Asker: 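My questions all concern the structure below.
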Amino acid sequence: MDGCWLILTGLFSIYLFLQKGNSTLLRGSGVTGKKSMYELKIKEKIEQVTGLDDIKLTVPPPGFSGDLSSNAALASGIVPQKLAEELNGLDEVEKTDIAGPGFINITINGKALEDEIKEILSSPALYGGGEKKGKVLFEMVSSNPTGPLHIGHGRGAAIGDSLARIFEKLGYDVFREYYVNDTGNQMQLLGESVRCIQQGKEVPENGYRGDYMKQIAAGLTSSEDLSKAAGEKILGMHFETLNKFAVEYSSTVYESDFIRAKKVEDVIEEMKKRDLTYEKDGALWFRSSSFNDDADRVLIKKDGELTYFASDCAYHIDKAQRAERLVNIWGADHHGYVERLRAFFKAFGYAGKKRMDIVLYQLVDLKRGSEKVSMSTRAGEFVTLDEVLDEVGKDAARFFMLMRSSDAPLEFDLELAKEESSKNPVYYVQYSHARICSIFRKKGISFEDISPSDVQGLGNEEREIVKFLAHYPVLLQKCLQLDAPHLLTDYLRQSASAFHKYYDTVRVIGSKQERQRLALLRAVKEIIKDALGLLGVSAPEKM
RNA sequence: GCGCCCGUAGCUCAGUGGACAGAGCGUCGGCCUCCGGAGCCGAAAGUCGAAGGUUCGACUCCUUCCGGGCGUACCA
């Protein structure tokens with residue numbers, strides 16, 4: 001029976017290899033040519049030997065030896081002994097054990113762990129980073145300028161900006177763009193609302209009101225193009241808020257410019273030429289249902305006006321011409337637009353050539369303790385991003401926005417975010433950084449006084465924490481691959497905890513191993529600082 | 001009706017097929033002559049919404065159903 005099973009799985013593995021072999025080759029190696037970063041190196045080796053695409057290394061469960069564990073032999077059908085042998089050939093591997101049905105448990109040797117710290121200390125900002133890669137264009141927030149940004153926009157900004165920082169770290173040439181929807185009914189309505197307020201009349205039923213509108217109306221004269229002028233003012237407010245939130249854009253583009261420059265017309269002409277459109281009921285339609293969308297979509301309304309979707313097509317063509325890869329950060333309430341945009345991409349032949357990620361994030365529920373905070377948009381009583389920033393500060397706001405997967409709704413507790421205690425994860429993490437800084441102050445040396453040569457030998461206490469640090473480069477790749485910056489908040493919490501635990505059991509200043517322990521602490525500090533930086537959160541030296 | 005997301009410990013959530021399901025908060029119980037106690041250690045707590053299926057192996061993939069959110073415009 002066993003023999004039979006082996007033959008079958010063997011055949012299956014050949015099948016898998018044939019299936020997956022190509023994509024592995026295409027992916028290209030050389031994620032990093034660096035000498036250290038053993039976890040990445042082992043990962044690449046396993047992928048090379050098994051032909052698997054993106055393998056996962058785990059930590060062996062309690063009771064098993066080893067520092068890292070892989071199920072790749074099982075998953076690929078390769079004989080575990082063969083893979084283990086290949087791994088034993090790596091300098092970083094002390095030994096391997098085969099356990100259970102074919103898990104390979106890998107023990108890292110002491111030298112590799114030391115080298116890892118040396119690598120961190122020699123160039124902290126570069127550790128875990130990548131080589132030069134192509135241009136990526138991020139589009140985020142892109143609210144129409146009719147009212148203040150609310151907390152949901154904040155989530156989009158935090159996800160987009162942090163993901164952008166991760167892309168930058170990994171070598172991509174990143175651009176952050178703000179697309180302004182400054183045309184259409186909403187903008188007309190904005191102009192009318194301003195006029196009504198100025199004339200002391202009742203604002204139209206679906207119009208804009210609230211304190212911000214009174215201020216804007218007061219700052220404009222009636223002779224201006226009220227819609228345009230008000231839009232510009234509100235856009236200015238948006239950027240002010242985003243600035244406070246540590247989000248900076250490289251460019252701003254206006255929907256109206258695309259229309260004025262006839263780019264939207266051009267795209268529609270091109271679509272007509274390619275027979276992607278038809279006329280019905282006086283409107284011009286795009287055959288998006290031929291490209292996996294639920295229904296066809298209107299490009300030009302029967303009144304002759306362009307739809308938002310039409311200019312969005314023009315905008316995305318423009319973006320695709322400027323970058324190799326596009327990332328759009330959208331609220332989940334826009335998920336209905338994903339397929340139509342993808343349909344357009346397919347129809348224009350971009351689908352296979354340019355990668356376009358659309359990250360959807362679920363809504364934010366604001367709470368104050370156990371009490372829900374109303375976010376009704378009516379009468380302008382919603383909680384703005386500005387108000388949240390003023391109340392809890394940039395660091396807490398950014399961190400909290402990134403604590404959850406973008407797929408999950410986010411519960412944002414204003415009370416917790418303000419709390420200066422270990423209950424608050426931001427403080428917990430920042431505290432670990434400040435505490436390490438304090439140790440160096442106490443010792444009276446600077447971080448630069450510690451160099452790679454101070455790393456000499458590691459005890460068992462150190463091993464655990466080094467393994468944790470060594471995982472950072474792999475984690476960053478995972479964040480990028482899954483468009484999931486929230487993984488960093490969890491990693492930071494665990495890093496902080498690993499440090500506190502270590503510091504609780506080991507004496508640093510005054511011990512025989514003082515120098516090397518300080519070296520380890522500096523490495524921890526550098527990783528925490530770097531990771532916080534990617535989240536847009538500060539790493540204070542004192543609190 | 002149809003589509004997308006979610007349903008995991010009292011609460012908020014991690015877990016992109018693998019070895020006995022994890023964390024934080026909350027609850028209960030320990031640890032300060034010592035480098036920041038804004039810290040550490042331990043305990044209790046789960047039929048992973050339900051039922052089928054695929055697999056050597058399913059919280060993870062497929063189908064159906066039940067809950068909740070969002071979307072289903074010639075609005076943006």
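The structure presented is a predicted model; accordingly, all values stated were derived computationally and were not measured. In what follows, chains are A, B, ... by sequence order, proteins preceding strands, each numbered from 1.
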Asker: For the residue pair A:Asp296 and A:Tyr278, confirm or rule out a side-chain donor-acceptor distance under 3.5 Å.
Answerer: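 Indeed, the side chains of A:Asp296 and A:Tyr278 share at least one donor-acceptor pair under 3.5 Å.
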Asker: P atom, B:G37 versus B:G22: distance in rounded Å?
Answerer: 30 Å
Asker: In residues 179-188 of chain A, what residues come within less than 4.0 Å of RNA chain B, judged by heavy atoms?
Answerer: A:Asn181, A:Thr183, A:Asn185, A:Gln186
Asker: Under a 3.5 Å cut-off for both distances, is B:C40 Watson-Crick or wobble paired, and to whom?
Answerer: B:G30
Asker: Ring-on-base stacking between A:Phe64 and B:A19, under 5.5 Å between centres and under 30° between planes: is it there?
Answerer: no
Asker: Which one, B:C35, B:G37, B:C40, comes nearest to the side chain of A:Arg435?
Answerer: B:G37
Asker: Decide salt bridge (Lys or Arg N to Asp or Glu O under 4.0 Å) for A:Glu39 and A:Lys43; before the verdict, give the C-alpha distance in whole Å, the side-chain angles of both, and the deciding distance to 0.1 Å.
Answerer: CA-CA 6 Å; A:Glu39 192 172 333; A:Lys43 182 170 180 277; over 6 Å; no
Asker: Does a side chain donor of either A:Asn105 or A:Lys95 reach within less than 3.5 Å of an acceptor in the other side chain?
Answerer: no
Asker: Would you classify A:Pro101 as touching base, sugar-phosphate or nothing, given that sugar-phosphate means primed atoms plus P, OP1 and OP2, and contacts are heavy atoms under 4.0 Å?
Answerer: nothing
Asker: Taking pairing as Watson-Crick or G-U wobble with both contacts under 3.5 Å, can you name the mate of B:U63, or confirm there isn't one?
Answerer: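 Base partner found: B:A51.
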Asker: Can you see if the side chain of A:Lys56 gets near the phosphate of B:G18 - specifically, an N or O under 4.0 Å from OP1 or OP2?
Answerer: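 For B:G18, OP1 or OP2 has a side-chain N or O of A:Lys56 closer than 4.0 Å.
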Asker: Any base atoms under 4.0 Å from A:Lys302, or only sugar-phosphate, or nothing? Heavy atoms, all strands.
Answerer: base
Asker: For B:C32, decide between syn and anti, treating a glycosidic angle within 90° of 0 as syn.
Answerer: syn
Asker: State plainly whether the residues A:Lys367 and A:Glu371 are in salt-bridge range, i.e. N to O under 4.0 Å.
Answerer: no
Asker: Please determine if a side-chain N or O atom of A:Tyr428 lies less than 4.0 Å away from the OP1 or OP2 oxygen of B:G37.
Answerer: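 Answer is no, no contact under 4.0 Å.
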Asker: Which nucleotide, B:C70, B:C40, B:U16, lies nearest any side-chain atom of A:Ser497?
Answerer: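 Nearest nucleotide to the side chain: B:C40.
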Asker: Please determine, by modelled atom types, if A:Asp67 and A:Thr107 share a side-chain donor-acceptor pair under 3.5 angstrom.
Answerer: no
Asker: Can you tell me if the side-chain N/O atoms of A:Lys423 get under 4.0 Å from OP1 or OP2 in B:A38?
Answerer: no
Asker: A:Ala283 near the nucleic acid: base, sugar-phosphate alone, or nothing, with a heavy-atom cut-off under 4.0 Å?
Answerer: base
Asker: Using the P atom in both, what is the distance from B:C61 to B:U8, to the nearest Å?
Answerer: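 Here B:C61 and B:U8 have their P atoms 16 Å from each other.
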Asker: If we take the P atom in both B:G49 and B:G15, what is their distance in whole Å?
Answerer: 14 Å
Asker: So A:Arg441, base contact, sugar-phosphate only, or nothing? Heavy-atom distance under 4.0 Å.
Answerer: base
Asker: Scan side-chain atoms only and decide if A:Ser497 and A:Gln494 contain a donor-acceptor pair under the 3.5 Å cut-off.
Answerer: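 Note: A:Ser497 and A:Gln494 side chains miss the donor-acceptor criterion.
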Asker: Would you mind pulling out the nucleotide paired to B:G22, Watson-Crick or G-U wobble, both distances under 3.5 Å?
Answerer: B:C13
Asker: Taking only the C1' atom of each, what is the distance from B:U12 to B:U27 in whole angstrom?
Answerer: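 It comes out at 16 Å once rounded to the nearest Å.
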Asker: Would you classify A:Asn105 as touching base, sugar-phosphate or nothing, given that sugar-phosphate means primed atoms plus P, OP1 and OP2, and contacts are heavy atoms under 4.0 Å?
Answerer: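 If one applies the 4.0 Å heavy-atom cut-off, A:Asn105 turns out to touch a base.
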Asker: Within the stacking criterion (centroid distance below 5.5 Å, interplanar angle below 30°), does A:Tyr308 stack on B:C75?
Answerer: no
Asker: For A:Phe468 and A:Tyr491: C-alpha separation, side-chain torsions, deciding distance, then whether ring pair (Phe, Tyr, Trp, His ring centres under 6.0 Å) applies.
Answerer: CA-CA 9 Å; A:Phe468 208 87; A:Tyr491 177 78; 5.1 Å; yes
Asker: Considering every strand shown, what is the Watson-Crick or G-U wobble mate of B:C70 when both distances are under 3.5 Å?
Answerer: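 Per the H-bond distance test, B:G3.
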Asker: Determine whether more than 12 heavy atoms belonging to other residues, nucleotides or ligands lie under 6.0 Å from atom NZ of A:Lys302.
Answerer: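 No - once you tally the heavy atoms of other residues, nucleotides and ligands closer than 6.0 Å, there are 12 at most.
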Asker: Look at all strands and tell whether A:Asp413 reaches a base, only sugar-phosphate, or nothing, counting heavy atoms closer than 4.0 Å.
Answerer: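 Nothing: the residue A:Asp413, judged by heavy atoms under 4.0 Å, touches no strand.
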Asker: Which part of the nucleic acid does A:His335 contact within heavy-atom distance under 4.0 Å: base, sugar-phosphate only, or nothing?
Answerer: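 If one applies the 4.0 Å heavy-atom cut-off, A:His335 turns out to touch a base.
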Asker: What nucleic acid atoms does A:Ser421 come within less than 4.0 Å of, heavy atoms only: base, sugar-phosphate, or nothing?
Answerer: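 Touches nothing.
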Asker: Should the heavy atoms of other residues, nucleotides or ligands under 6.0 Å from NZ of A:Lys529 be counted, would the total exceed 12?
Answerer: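 Not more than 12 within 6.0 Å, no.
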Asker: Between B:A58 and B:G18, how many Å separate the two C1' atoms, rounded to a whole number?
Answerer: 10 Å
